[in-house]
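Before any comments, here is the structure.
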Amino acid sequence: MKRFTIAANDAGQRLDKFLQKAAPGLPPALLYKALRTKRIKLNGKRAEGGARLLEGDELACWLPDELFAPPEYQYDFLRAGRELEVLYEDGHVLLLDKPAGLLSHPDESEYVDTLLGRAQRYLYEKGEYGPARENAFAPALVNRIDRNTQGIVIAAKTAAALRVLNEKMKDRELRKFYLCAVHGVPTQGELQADGWLLLRGWLAKDEGRSLVRVYDKPRPGAKECLTKYRVSSLLPPDICLLELELLTGRTHQIRAQLAALGHALAGDGKYAPRAQYQADLKRGLRRQCLCSHRLMFDFKTPAGELEGLNGLDISVKNAAFLNYL
């Protein structure tokens, strides 16, 4: 028999989802059969798979011990790199400057050395995260940015922080600012009271070509995308530095919207005209000149234990692409 006492990081989950993570050797069919036959009990009573777990709950499972045995391998994140630029840290979150070229999460091209892996290794070596102490939770990223884009990514240290920040992200209570370089000087957009220009479009994914298209009118399957921008400076001979605020978070939103205006990002091999990209390559621009350089916490609703983050304004120390212009 196996017993679990639900800790703070595991509270709030469905019972069946918790057990699927806490007992990776437990087949789903056996899990639901055990629930039906009362071989899994919550606080001494029959358990329901959809029950929400509370901190301090006692879960008893009359099942073979081997189903709960941890896998015999070294933690994958210990093979991730140690290089990590920490912009801010407290007991709940890490704010990290992800370098261009590093994945946020694992994919088919790289499983181990990702920003997530580095963050987990960092916390493990500090003694703040131990998989053996956690039944189901692992530190997680709240947002992600493209592999070839530098910028600020939030890592949640606790399940409670992850839940709150996911909600704040959805409700747009985190303001995200980007810095980018484009060819030419854009002037399109709706002038705002603060002097910034607003770009409004409708973005649709082209799955076959792994890119997105921006339209100036609504159309079926397209989602509205909103971006504010202002000209920051001009760099000879033809480069313009822009600061942007992302009001919606669509795939490739900034890259696609600016390309649709005729001002593609310098170094962007996916959305820039081919001749422009080839010229950028000769100048040494091998990645799009884009950096998520500033993050503001602008909570409009209660944030619980994260209330202390409200008003925090964090910027990267250096947008690396500027070194190549």
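- Remark: Lys45 engages no residue in a salt bridge (charged side-chain N to carboxylate O under 4.0 Å, His left out) (not counting sequence neighbours).
- When each of Met169, Glu167, Lys168 is tested with Asp171 by the rule side-chain contact (heavy atoms from CB on, under 4.5 Å), just one qualifies, namely Glu167.
- With sequence neighbours left out, Arg39 forms a side-chain hydrogen bond (donor to acceptor under 3.5 Å, both in side chains) with no residue at all.
- Taking the charged nitrogens against the carboxylate oxygens, Asp16 and Arg14 do have a contact shorter than 4.0 Å, which makes a salt bridge.
- The aromatic rings of Phe299 and Phe297 sit perpendicular, their planes meeting at an angle over 60°, well past the 30° parallel limit.
- Salt-bridge annotation for Arg147 and Glu110: absent, with no side-chain N of the basic residue lying under 4.0 Å from a carboxylate O of the acidic one.
- Arg230 and Glu243 are joined by a salt bridge, as a carboxylate oxygen and a charged side-chain nitrogen come within less than 4.0 angstrom of each other.
- Put simply, the side chain of Glu55 never gets that close to the backbone of Ile6: no donor and acceptor are under 3.5 Å apart.
- In terms of modelled atom types and a separation under 3.5 Å, the side chain of Gln150 and the main chain of Ala320 share a donor-acceptor contact.
- Checked for salt-bridge contact, Glu58 and Arg3 miss the test: no charged N lies under 4.0 Å from a carboxylate O.
- Remark: Glu83 pairs with Arg118 by the side chain to side chain contact (heavy atoms under 4.5 Å, CB included) rule, at least two apart or across chains.
- The aromatic rings of Phe4 and Phe18 lie perpendicular to each other, with more than 60° between the two planes, well past the 30° mark.
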